[in-house]
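Notes for the one structure printed next.
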Amino acid sequence: DLCHHLNHPSHAQKRAAMRSHQQQLLQQALSLPPDTPLRYHCGEHGKPYLSDFPQWQFNLSHSQHHHATLYGLSPCELGIDIESTSRSIRPAVIAASLCPREHAVYLNCADPHRYWLQVWTIKEAVLKAAGLGIQVDLQQFDSHANADTNTAIATLQQQPYRYHCLSHPDWQLAIAWQHTASMDWV
């Protein structure tokens with residue numbers, strides 16, 4: 001049962017440690033003392049933001065063994081997603097999450113599992129940048145990812161989002177931001 005799994009003490013401890021680490025990163029980035037509380041609020045679809053620092057954008061993600069935080073002064077919303085490469089994916093999830101073009105690439109690429117993780121993290125990052133979460137039909141949303149693409153533009157609800165993917169043997173990560181804003185990545 002998923003609720004039992006998520007509330008298991010070992011998972012709750014991991015989530016608490018992840019949140020604590022992410023809060024420390026944000027406090028350091030904002031030049032705040034470690035004991036300064038950060039006030040989080042959520043947008044209409046649950047995306048968190050810092051009410052005392054509206055010019056700062058941030059987004060969080062976690063997987064089985066990894067977590068990622070993306071933050072910075074930005075004129076646009078940011079999104080990030082990370083997935084463990086050890087994650088197993090049910091065929092029904094694959095079918096429900098790929099548009100027809102992506103499904104064709106998936107069937108013909110050298111590493112379908114890695115490609116699916118790439119597409120999934122792109123879609124999650126774009127949806128998070130848009131502040132939507134998974135509230136759209138993923139089969140109608142084309143990430144424009146190919147097996148060898150790390151950076152491209154995906155359009156969601158007539159808004160372009162640029163994304164960049166990072167791959168590691170243990171994880172797959174994507175970051176996304178509204179394409180209309182100029183962004184310098186350090």
Side-chain angles (χ1 to χ4, degrees), residues 18-19 21-22 25-26 29 40-50 53-85 87 89 93-94 96-103 105-106 109 111 113-168 170-186:
M18 178 187 72
R19 276 192 230 105
H21 183 251
Q22 290 170 331
L25 289 173
L26 289 169
Y40 298 94
H41 287 78
C42 291
E44 180 182 347
H45 300 288
K47 183 174 183 180
Y49 65 92
L50 296 170
F53 300 93
Q55 71 280 19
W56 275 83
Q57 303 295 326
F58 78 98
N59 199 238
L60 316 170
S61 180
H62 62 90
S63 65
Q64 294 167 330
H65 306 292
H66 306 92
H67 70 270
T69 304
L70 177 64
Y71 58 86
L73 288 169
S74 172
C76 62
E77 297 288 333
L78 305 174
I80 190 167
D81 191 49
I82 190 168
E83 293 293 338
S84 298
T85 55
R87 177 183 176 179
I89 305 117
V93 173
I94 294 168
S97 60
L98 300 176
C99 74
R101 187 202 61 79
E102 293 165 338
H103 196 260
V105 174
Y106 172 83
C109 69
D111 188 348
H113 181 75
R114 177 62 83 160
Y115 176 73
W116 184 86
L117 289 171
Q118 178 187 21
V119 170
W120 181 262
T121 57
I122 291 167
K123 289 184 178 189
E124 280 262 5
V126 168
L127 289 165
K128 290 168 81 175
L132 296 176
I134 301 181
Q135 298 186 17
V136 300
D137 181 352
L138 296 179
Q139 291 177 325
Q140 302 299 314
F141 173 27
D142 188 347
S143 67
H144 298 284
N146 291 307
D148 58 353
T149 301
N150 286 326
T151 301
I153 296 174
T155 301
L156 178 65
Q157 297 180 341
Q158 301 178 351
Q159 170 68 47
Y161 290 85
R162 180 167 288 281
Y163 64 80
H164 184 76
C165 300
L166 300 170
S167 295
H168 181 274
D170 296 332
W171 47 260
Q172 180 70 37
L173 179 139
I175 58 174
W177 61 96
Q178 292 171 329
H179 181 59
T180 54
S182 62
M183 298 287 292
D184 292 326
W185 292 101
V186 181

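Given the structure is predicted, the values throughout are model-derived calculations rather than measurements.
- Remark: H62 NE2 is loosely packed, at most 12 non-hydrogen atoms of other residues, nucleotides or ligands lying under 6.0 Å away.
- Looking only at distances, no side-chain donor or acceptor of Y163 sits under 3.5 Å from a matching main-chain atom of K123.
- For the residue pair T69/Q22, the side-chain donor-acceptor check at 3.5 Å is satisfied.
- The shortest heavy-atom contact between L156 and A130 is CD2-CB, 3.9 Å.
- Within the 4.5 Å cutoff, no side-chain heavy atoms of H66 are placed close to those of L173.
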Inset, instruction - Report the C-alpha separation of C76 and Q57 in whole Å, then their side-chain angles, then the decisive distance to 0.1 Å, and conclude whether the side chain to side chain contact (heavy atoms under 4.5 Å, CB included) test is met. - result: CA-CA 7 Å; C76 62; Q57 303 295 326; over 6 Å; no
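- Residue T121 comes nearest to Q118 through the heavy atom pair OG1-O, 3.0 Å, listed as atom of the first residue, atom of the second, then distance.
- The line from CD of Q159 to CD1 of I153 is 10.5 Å long, rounded to the nearest 0.5 Å.
- Side chain of K47 to main chain of N59: no donor-acceptor pair is present (N/O by atom type, distance under 3.5 Å, no hydrogens or angles).
- With values rounded to the nearest 0.5 angstrom, W171 atom CH2 is found 15.0 Å from H65 atom NE2.
- With 3.5 Å as the limit, one finds a donor-acceptor pair spanning the side chains of E102 and S143.
- Rounding to the nearest 0.5 Å places CG of D81 at 11.5 Å from CG of L60.
- Between A174 and A125, the shortest heavy-atom distance links the atoms O-CB, 3.5 Å.
- Between F141 and L127 the shortest heavy-atom distance is CE2-CG, 4.3 Å.
- One N or O on the side chain of H113 and one on the backbone of T85 form a donor-acceptor pair closer than 3.5 Å.
- Side-chain N or O atoms of D142 include one that pairs as donor or acceptor with a backbone N or O of H144 at under 3.5 Å.
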Query raised in the report: Under the side chain to side chain contact (heavy atoms under 4.5 Å, CB included) criterion, do Y161 and H179 qualify, and how do the steps go?
Result: CA-CA 5 Å; Y161 290 85; H179 181 59; 5.7 Å; no
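- In this structure, Y40 and L50 have side chains that are in contact, with non-hydrogen atoms separated by less than 4.5 Å.
- Within the 3.5 Å criterion, the main-chain N or O of I175 finds no donor-acceptor partner in the side chain of R162.
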Determine whether Y115 and D111 satisfy the following criterion, side chain to side chain contact (heavy atoms under 4.5 Å, CB included), listing intermediate values before the conclusion. CA-CA 6 Å; Y115 176 73; D111 188 348; over 6 Å; no
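- Tested against S97, the residues W120, W116, Y106 include a single side chain to side chain donor-acceptor pair (under 3.5 Å) partner, W116.
- Between the CG atom in L70 and the CD1 atom in I82 there is a gap of 11.5 Å [rounded to 0.5 Å].
- Counting all heavy atoms, side chain and backbone alike, E77 lies closest to A129 at CB-O, 2.9 Å.
- Among the candidates K128, H67, E124, the single residue satisfying the side chain to side chain contact (heavy atoms under 4.5 Å, CB included) test with S61 is K128.
- Minimum heavy-atom separation, V119 to L98: CG1-CD2, 3.7 Å.
- Here CG of N150 is found 6.0 Å from OG of S167. Values are rounded to the nearest 0.5 Å.
- For the pair W56 and L73, the minimum side-chain heavy-atom distance is below 4.5 Å.
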